[in-house]
Undergrad: 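Here it is: the structure, laid out below.
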2 protein chains.
Amino acid sequence: MRLTTKGRYAVTAMLDLALNAEKGPISLADISRRQEISLSYLEQLFSKLRQQSLVSSVRGPGGGYKLSREPEAISVAQIIDAVNESLDVTNCESQGNCQQGQQCLTHNLWMDLSDRIHAFLSSITLASLVQRDEVREVSVRQNSSSELGLLDVSGVQ
Amino acid sequence: MRLTTKGRYAVTAMLDLALNAEKGPISLADISRRQEISLSYLEQLFSKLRQQSLVSSVRGPGGGYKLSREPEAISVAQIIDAVNESLDVTNCESQGNCQQGQQCLTHNLWMDLSDRIHAFLSSITLASLVQRDEVREVSVRQNSSSELGLLDVSGVQ
DNA sequence: TATTTACTTGACTAAACTAGTCGGGTTTAC
DNA sequence: GTAAACCCGACTAGTTTAGTCAAGTAAATA
């Protein structure tokens, strides 16, 4: 199992999309500014999110990305999976052939943990995150900061 | 967060120690044979486990390692921690300064997940694993296999 | 006391992965 | 037709994993 910046960025970017949905298509440049994620890296991530039909794109000026489903129907587990981060903690990818074709000593322990993690992150949807007080607060802060130009001061670098 | 072979090996080796405790000190060569873990790699892991006082060593012929506490008092979380694998899923190591000194949009989500994982693995001790039926079965298989020389057939290589 | 077993330490390494960058496209609104 | 935005592939520095290898030290036993 690996849960790194890649998966966290993907979830953060998708949540940004959900929070700002009413503004129409959201450009990656906006997400990059608000969430402080490299634009080029976002492009990589959104390529995968689009392949998995979690977002759809609108090209041309004024274009951007939007969620391709209701935020109620998109779970954190799905997003992490879409960018190829596995929530499986076992070595054998849950196949149980970890030692000479049979189960290793700790196989069931890792299976149990994987199930827990997956169940937890499947139970959390973008809609449920949007409703959290602290998420709304951070979102308000981010929107005002980026409007005022407090972030990304130097343009490039 | 990272949960890889390193942490799994450490837990497996510690469980092997718990299962074979009545035989006296267990050599790394025995663990290597039964669990199919490279001897040199085990040495690295046990160096850390010893530094964290999870095992104690007996040098010389007939020596080996044993648990330095009751198996009831050693949790899976402690073992993973001892070999420097973090169960923390946040980017800021739970400090909440992920975005310009303030919380990022998804900080609490990752905190919640970290707490769940930690609570789960803290609740599982070596003693509780030893009592599991499937663990005892695998252990019996491993002991008979290694006695019969079914594993590690070619000696070296 | 010599030998052997086993722990101890540190340096080294190939391969994989992360978190990007860079440069060139294509599409479409205005 | 030009600029805003998506799209795509190649490249890369740095880190980590999962080891190997060599040279020890400590202690039991013959």
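This one's a predicted model, so the numbers in the text were calculated from it and none came from an experiment. Here is how names work: the chains are called A, B, and so on, in the same order as the sequence lines, proteins then strands, and each is numbered from 1. Side chains included, hydrogens not; waters and symmetry mates left out as well; all remaining heavy atoms used.
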Undergrad: Measure CZ/B:Phe46 against P/C:dT9 and give the value in whole Å, please.
TA: 14 Å

Undergrad: What integer distance in Å separates B:Glu36:CD from D:dG19:C1'?
TA: 16 Å

Undergrad: Using a heavy-atom cut-off of 4.0 Å across all strands, would you classify B:Tyr65 as base, sugar-phosphate, or nothing?
TA: sugar-phosphate

Undergrad: Suppose we call a contact any N or O donor and acceptor under 3.5 Å apart; does that hold for the side chain of A:Glu43 and the base of D:dC8?
TA: yes

Undergrad: Report yes if a side-chain nitrogen or oxygen of B:Tyr41 is closer than 4.0 Å to either non-bridging phosphate oxygen (OP1 or OP2) of C:dT13; otherwise report no.
TA: no

Undergrad: When you compare the side chain of A:Lys66 with that of A:Val55, does any pair of heavy atoms fall below 4.5 Å?
TA: no

Undergrad: Touch check for B:Tyr9, heavy atoms < 4.0 angstrom, all strands: base, sugar-phosphate only, or nothing?
TA: sugar-phosphate

Undergrad: Could you check which of D:dT20, C:dT21, C:dT26 has an atom nearest any side-chain atom of A:Arg59?
TA: C:dT26

Undergrad: Would you say B:Lys6 reaches D:dT17's phosphate, i.e. side-chain N/O to OP1/OP2 under 4.0 Å?
TA: yes

Undergrad: Mind checking B:Leu45 for me? I need base, sugar-phosphate or nothing, with any heavy atom below 4.0 Å counting as a touch.
TA: nothing

Undergrad: Going by atom types alone, do A:Glu36 and B:Gln100 pair a side-chain donor with an acceptor below 3.5 Å?
TA: yes

Undergrad: Once you round it to whole Å, what is the distance between P of C:dT18 and CG of A:Asn84?
TA: 9 Å

Undergrad: Is there a side-chain contact between B:Lys48 and B:Leu45 in this structure, where contact means two heavy atoms from C-beta onward sitting under 4.5 Å apart?
TA: no

Undergrad: Classify the side chain of B:Arg50 versus the base of C:dT8 as yes if they form a donor-acceptor pair under 3.5 Å and no if they do not.
TA: no

Undergrad: For B:Gln78 and B:Gln52, which I'm curious about, is there any donor-acceptor pair between the side chains at under 3.5 Å?
TA: no

Undergrad: What does A:Leu42 touch in the nucleic acid at a heavy-atom separation under 4.0 angstrom: a base, only the sugar-phosphate, or nothing?
TA: nothing

Undergrad: Does a side-chain N or O of B:Ser40 approach OP1 or OP2 of D:dG19 to a distance below 4.0 Å, or not?
TA: no

Undergrad: What's the closest nucleotide to the side chain of B:Glu85 if the choices are C:dT21, C:dT8, D:dT17?
TA: D:dT17

Undergrad: Which part of the nucleic acid does B:Ser57 contact within heavy-atom distance under 4.0 Å: base, sugar-phosphate only, or nothing?
TA: sugar-phosphate

Undergrad: Test of understanding: with side chain to side chain donor-acceptor pair (under 3.5 Å), list the residues that count as partners of B:Thr106, not counting sequence neighbours.
TA: A:Thr12, B:Trp110

Undergrad: Rounded to the nearest angstrom, tell me the gap between atom CG in B:Leu39 and atom P in C:dT5.
TA: 14 Å

Undergrad: Rounding to an integer number of Å, can you tell me how far B:Leu49 CG sits from C:dT8 C1'?
TA: 14 Å

Undergrad: With nearest nucleotide decided by heavy atoms, which residue, B:Ser27 or B:Gln44, maps closer to the 5′ end of DNA chain C?
TA: B:Ser27

Undergrad: Check whether the side chain of B:Arg2 and the base of D:dT16 form a donor-acceptor pair under 3.5 Å.
TA: no

Undergrad: To the nearest Å, give me how far apart CE (B:Met1) and P (D:dT17) are.
TA: 13 Å

Undergrad: Evaluate whether atom CD of A:Glu93 has more than 12 neighbouring non-hydrogen atoms of other residues, nucleotides or ligands under 6.0 angstrom away.
TA: no

Undergrad: Using the closest heavy atom to pick a nucleotide of DNA chain D for each, name whichever of A:Gly60 or A:Ser47 lands nearer the 5' end.
TA: A:Gly60

Undergrad: In whole Å, I'd like the distance from the CG atom of B:Leu3 to the P atom of D:dT17.
TA: 11 Å

Undergrad: Please check the phosphate of C:dA19 (OP1 and OP2 only) for any side-chain N or O of A:Thr5 closer than 4.0 Å.
TA: yes

Undergrad: Give one of base, sugar-phosphate or nothing for B:Thr4, where a contact means two heavy atoms less than 4.0 Å apart.
TA: sugar-phosphate

Undergrad: Does C:dT21 have OP1 or OP2 under 4.0 Å away from a side-chain N or O of A:Ser38?
TA: yes

Undergrad: Would you mind reading off the distance between A:Arg33 atom CZ and D:dA4 atom P, rounded to a whole angstrom?
TA: 12 Å

